[in-house]
Amino acid sequence: MPPLPKQDAPWLYKGSDVPHDREWYFGTLPNGLRWAVRYNQVPPGQVSIRVRIDAGAMHEKPEEAGFAHLIEHLVFRQSKYLGESQAIPTWQRLGASFGSDTNAETTATATTFKIDLPNASDASLDESMKLLSGMVIAPTLSESDIRTEAPIVLAEKRERGGTSERLMLAMRKLMAEGQPLADHATIGSEATINGAHEASVRAFHQRWYRPENAVVVIAGDADPRLMAALITRWFGDWRGQGAITAAPDFGAPKAPPANDPLAPVGNAQVMVEPSLPRSLLYGVLRPWHEKQDTVAYNQGLMLDQVAQMIVNRRLESRARSGATYLSAHVDQQSEARSVEGTFVTITPLDGRWDAALTEVRAIIADMLQAPPSEEEIARELAEINVIFESQVQQRALQAGGKLADDLVQAVDIHETVAAPAVVHDIFRKSLPMFTPQAVHDHAKALFEGKVLRGLYITPQDKEATSDALRKALAAKVVPDPRARASAKAISFAQLPPIGKPVEPVEVKPTGLLAIEEVAFANGVKAQLWPTKDDPGRVTVKVRFGAGWRAIEAGQNAYAALAGMALVSSGEGPLGQEELESISNGRKMGFEFRIEDGVFQFSADTRDEDLADQLYLFAAKFAMPRWDAAPVLRAKAAASTQFEAFNSSPGGVLERDLRFLQRGNDPRFAMATPDQMAKATPEGFRQMWEPILAQGPIEVQIYGDFNRAKGIDALKATFGALAPRAPIAPQVLSRSIANAAPTLQPVSRYHRGDANQAAAVISWPTSGGLAGVSESRQLDVLSQIFANRMLEALREKAGAAYAPQVAADWPIDVPDGGTITAMAQMQPDMVPQFFATADAIAADLAAKPVGADELALVIEPLRQQIARASTATGFFMGLVEGGTQDSARYKLPRGLLEDYTKVTPEQLQALARHWLQADRAFRLQVLPEAKGKTAKAD
């Protein structure tokens with residue numbers, strides 16, 4: 001293999017003084033193609049390949065709208081080395097699953113093809129580069145391929161369209177008014193996609209798919225010299241046809257006329273969408289321009305970031321204390337090399353959009369009137385520092401796919417990449433620059449621009465007008481200093497102890513790897529696995545209680561509120577502001593979730609913060625606090641979002657599917673606005689206070705931590721808790737019902753576009769630890785089912801873009817499992833979905849699958865397990881609950897065999913047992929007709 005080129009002046013760093021990331025090697029082929037390669041062992045054996053083409057939606061002529069994305073599809077349809085529809089199965093045979101390992105993306109500025117090749121050998125890597133070169137350089141682009149793929153693209157457009165598409169297009173048209181970005185939707189239009197033909201598609205490909213417009217990036221577990229040699233071998237002979245076409249001009253925001261009395265406020269729009277919550281967005285816009293990605297430029301971005309963080313913390317503080325808005329956020333963005341802007345997003349309460357806008361602008365005006373305090377700046381610098389420190393510590397965990405994506409993104413925005421240590425070093429050396437005046441100057445610059453534009457989305461007609469919005473954006477506001485940070489610093493040393501530290505009654509090995517089990521007299525048990533495989537990262541999980549089994553009918557509103565309010569309601573002397581303050585500059589978290597059989601707190605932390613992280617979790621049990629404000633805010637958030645679920649078939653499924661699949665169990669029903677209105681902080685406490693006090697607790701700690709210190713921290717926190725009350729037997733015995741079979745589908749209705757529908761068929765299975773081997777085999781069966789659905793509904797019929805099939809088998813409870821198939825499509829195609837699903841189920845039960853079909857599923861599964869099993873969290877996820885049932889420590893054994901040794905005869909038996917037509921629940925979500933409600937028949 002030839003040596004790698006010298007790295008004195010890599011093309012990515014031209015004009016930049018940012019230190020080169022020396023783990024990347026860069027080169028340029030004689031034909032103009034640029035490349036970058038890097039050795040990386042995360043995950044072991046995987047090589048990630050990216051091929052980026054400077055051809056996005058903004059490179060299209062009006063009659064070519066959607067062609068860049070259409071070609072993305074056609075590249076996978078057929079090409080020089082791949083026959084029709086052979087790309088997906090070919091990659092599957094190489095172990096790459098469709099969608100996650102094999103994918104592509106088209107944006108306004110580029111198209112990128114992505115392959116994450118597992119278990120890469122020299123031969124499979126060579127084959128992959130050969131196939132990719134043929135796909136990109138010589139796709140077939142035949143008339144028949146176009147006619148086959150066009151309906152699939154239109155199915156994707158339909159699935160992703162409707163209200164969300166209208167909103168996205170409205171935002172683009174407004175914010176990029178007068179620029180190509182405003183009129184170039186990536187998906188294109190039905191007319192241009194149906195109007196695509198071989199000659200016009202080939203012309204677009206010839207114009208833009210050329211080596212001078214290409215970048216190939218490879219990062220992974222292979223010799224960089226081999227990577228570079230393969231790029232040369234398979235892409236070196238590529239030659240563009242004809243003269244190079246210059247990239248289009250992306251334009252710049254145009255200011256309103258100088259004589260406009262409301263200047264710089266330009267256009268403003270009010271968009272009425274009955275199924276969307278209220279939202280107000282305004283942007284201060286500036287032209288995008290080429291930059292020299294220098295150290296000084298990055299220091300400026302850091303100052304911008306600190307200014308944004310301060311104003312966002314002030315906005316959030318006001319929202320928590322009772323504002324006219326539910327939330328507000330400031331974000332600096334660069335959009336498609338067309339617009340740079342500072343965007344302010346506001347969620348008003350009720351219809352008081354003008355009051356909310358005034359309040360937010362007044363808080364921002366105060367930031368622009370006076371410099372922030374040194375204390376405010378120090379707080380944000382501490383937050384940034386812990387992020388950069390963690391990135392340095394976790395450098396060895398950077399996945400090759402992420403590294404490749406980051407470099408492609410840098411190419412797209414015409415900037416560089418830097419090693420985590422370099423970024424942290426620049427930050428530390430820049431600390432003297434973060435003065436109040438410097439941050440103030442950057443804050444003012446963030447809100448300076450040629451034009452300011454606004455968009456208000458409301459479900460209520462005549463609630464606002466464009467003229468009123470323009471005037472409100474132009475009106476002067478009085479700076480409001482009340483949101484400035486004033487909370488006193490608080491430390492863990494000031495907090496009351498959980499109790500007297502208690503020695504564990506037992507510390508023993510589990511027999512699985514280096515995982516230990518620690519038991520305390522109060523019933524708390526912990527699983528510990530200190531390892532250097534996760535440098536700089538420690539994961540903590542706390543399992544307690546009975547999960548959904550503990551929730552009564554009629555408590556669904558309080559269950560829904562918990563995600564936003566349970567942690568925020570505080571503990572001991574710590575309210576929401578204090579919880580945020582005490583974790584400043586620390587790597588700490590506090591996530592909460594409800595599972596079928598258990599509740600869980602979780603966080604990613606680090607060794608130096610582990611003891612305090614455990615204190616936060618334990619204090620929620622020892623001294624829970626019940627502040628009302630977070631509950632009231634969570635209620636307001638839930639009320640504003642409810643109607644949005646009616647806007648599309650996917651929204652209705654998100655709202656109703658679990659409830660319907662579980663036999664209309666009211667615990668799983670999404671709370672209505674009326675139910676939310678009746679919920680009170682007192683009722684919230686009455687439900688959650690006994691739950692926090694009941695049942696065994698299991699703590700998991702794994703990652704890069706000191707074992708002795710970890711046990712000491714447990715002694716002072718969870719070991720010091722009072723003994724737990726038992727969970728009532730009737731709670732533990734509650735089952736999860738399955739929906740009754742339906743030969744005719746149950747109907748639900750949405751208020752979105754008339755060409756959108758969804759269909760679901762769900763077969764009940766089971767649950768529990770005893771059937772875990774069967775559950776894994778059902779995963780295999782489901783993936784075979786999914787491949788057949790994809791072939792029938794997408795590849796052949798063009799009826800659905802992304803049909804899905806998945807098996808669910810709860811481990812913590814003995815029932816409630818399902819095999820579920822679903823797809824979105826046009827309403828008249830819904831009967832075809834059910835007929836197809838029934839036919840596939842019947843065929844799987846009637847005869848064994850073929851060896852090749854089974855291999856297309858088994859090999860990607862084998863590779864997924866191999867990659868996942870290199871992570872500590874993979875094994876700890878399998879043994880959750882092991883302190884209560886030691887059989888879980890055996891779950892990793894037999895895992896690979898269950899997935900990869902299953903036979904066609906076993907799968908046929910499973911299909912016969914579970915996929916019976918008379919056991920299936922069927923659901924269709926159709927567009928609402930006049931006289932129909934949006935809820936049910």
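This chain uses plain numbering: 1 for the first residue, then up along the sequence. Both backbone and side-chain heavy atoms feed into the values below; hydrogens, waters and symmetry mates do not.
- Residue D480 holds its CG atom at 7.0 Å from CG of D366, rounded to the nearest 0.5 Å.
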Stepwise salt bridge (Lys or Arg N to Asp or Glu O under 4.0 Å) test for R160 and E165: CA-CA 7 Å; R160 298 181 177 179; E165 183 182 44; over 6 Å; no
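- Of the possible polar contacts, one joining the T358 side chain to the D354 backbone as a donor-acceptor pair under 3.5 Å is found.
- Using a 4.5 Å heavy-atom cutoff, the side chains of Y297 and E415 are in contact.
- Among residues two or more places apart in sequence or in another chain, the salt bridge (Lys or Arg N to Asp or Glu O under 4.0 Å) test is passed with E383 by none.
- Under the rule for a ring pair (Phe, Tyr, Trp, His ring centres under 6.0 Å), the partners of F388 that lie at least two apart in sequence or sit in another chain are F427.
- Remark: the backbone N or O of G266 is not paired with any side-chain donor or acceptor of R453 at under 3.5 angstrom.
- Under the 4.0 Å criterion applied to side-chain N and carboxylate O atoms, K429 and D425 are assigned as salt-bridge partners.
- Residues that satisfy the side chain to side chain donor-acceptor pair (under 3.5 Å) test with Y282, not counting sequence neighbours, are absent from this structure.
- For the pair S164 (side chain) and G161 (backbone), a donor-acceptor distance under 3.5 Å is present.
- Side chain of E359 to main chain of T324: a donor-acceptor pair is present (N/O by atom type, distance under 3.5 Å, no hydrogens or angles).
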From CA spacing to verdict: salt bridge (Lys or Arg N to Asp or Glu O under 4.0 Å), R50, E105: CA-CA 11 Å; R50 306 291 185 261; E105 177 186 21; over 6 Å; no
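- Partners of W288 under the ring pair (Phe, Tyr, Trp, His ring centres under 6.0 Å) rule, at least two apart in sequence or in another chain, are H414.
- Within the 4.5 Å cutoff, no side-chain heavy atoms of W35 are placed close to those of F235.
- Of the possible donor and acceptor atoms, none in the side chain of T102 sits under 3.5 Å from a partner among the backbone N and O of G99.
- Residues that satisfy the side chain to side chain donor-acceptor pair (under 3.5 Å) test with R166, not counting sequence neighbours, are T163, E273, D753.
- Across G454 and L174, no two heavy atoms sit closer than the pair O-CD2, 2.9 Å.
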Candidate pair S338 and Q179, rule side-chain hydrogen bond (donor to acceptor under 3.5 Å, both in side chains), full reasoning: CA-CA 8 Å; S338 299; Q179 297 178 253; 4.6 Å; no
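- No side-chain heavy atom of K450 sits under 4.5 Å from any side-chain heavy atom of P264.
- Every residue two or more places apart in sequence or in another chain was checked for a side chain to side chain donor-acceptor pair (under 3.5 Å) with Q305, and none qualifies.
- Side chain of Q7 to main chain of P5: a donor-acceptor pair is present (N/O by atom type, distance under 3.5 Å, no hydrogens or angles).
- The structure places OG1 of T186 at 13.0 Å from CG of L70, a figure rounded to the nearest 0.5 Å.
- Checked by atom type, the side-chain pair E72/T111 shows no donor-acceptor distance below 3.5 Å.
- Note: E156 CD to I187 CD1 = 4.0 Å, rounded to the nearest 0.5 Å.
- With hydrogens and angles ignored, the 3.5 Å screen pairs no side-chain donor or acceptor of H424 with any backbone N or O of A421.
- T342 and R286 form a side-chain donor-acceptor contact under 3.5 Å, judged by distance and modelled atom types alone.
- No donor-acceptor pair closer than 3.5 Å links the side chain of T112 to the backbone N or O of V51.
- To the nearest 0.5 Å, the span separating CG on L33 from CD1 on I231 amounts to 7.5 Å.
- For the atom pair CZ (F204) and CD (Q206), the distance works out to 12.5 Å, reported to the nearest 0.5 Å.
- Side-chain polar atoms of D293 and T416 form a donor-acceptor pair below 3.5 angstrom.
- Y801 places a side-chain heavy atom less than 4.5 Å from the side chain of I152.
- Here the side chain of H184 pairs a donor or acceptor atom with the backbone of E60 at under 3.5 angstrom.
- The shortest side-chain heavy-atom distance between V344 and H329 does not fall under the 4.5 Å cut-off.
- There is a side-chain donor-acceptor pair under 3.5 Å between E389 and N385.
- With rounding to the nearest 0.5 angstrom, the CG atom of L368 is 11.0 Å from the CG atom of D441.
- A search for ring pair (Phe, Tyr, Trp, His ring centres under 6.0 Å) contacts involving H73 returns H69, not counting sequence neighbours.
- Between W238 and V136 the shortest side-chain heavy-atom distance falls below 4.5 Å.
- T435 places a side-chain N or O within 3.5 Å of a backbone atom of A438 that can act as its donor or acceptor partner.
- Partners of Y209 according to the ring pair (Phe, Tyr, Trp, His ring centres under 6.0 Å) rule, which considers only residues two or more places apart in sequence or in another chain, are H205.
- Legend: residues meeting salt bridge (Lys or Arg N to Asp or Glu O under 4.0 Å) with E376, ordered by chain and number and at least two apart, are R314.
- With contacts defined as side-chain heavy-atom distances shorter than 4.5 Å, the pair D412/R337 qualifies.
- D17 pairs by the salt bridge (Lys or Arg N to Asp or Glu O under 4.0 Å) definition with nothing, not counting sequence neighbours.
- In this structure, N40 has no side chain to side chain donor-acceptor pair (under 3.5 Å) partners at least two apart in sequence or on a different chain.
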Salt bridge (Lys or Arg N to Asp or Glu O under 4.0 Å) evaluation trace for K254 with E177: CA-CA 8 Å; K254 294 181 180 179; E177 181 184 5; over 6 Å; no
Pair D406-K402, salt bridge (Lys or Arg N to Asp or Glu O under 4.0 Å): steps then yes or no: CA-CA 6 Å; D406 287 347; K402 176 65 164 56; 2.8 Å; yes
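- For the pair H440 and Q369, the minimum side-chain heavy-atom distance is 4.5 Å or more.
- Contacts of R361 classified as salt bridge (Lys or Arg N to Asp or Glu O under 4.0 Å), with partners at least two apart in sequence or in another chain: none.
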Intermediate values then yes/no, side-chain hydrogen bond (donor to acceptor under 3.5 Å, both in side chains), H20 and D8: CA-CA 9 Å; H20 304 170; D8 296 332; over 6 Å; no
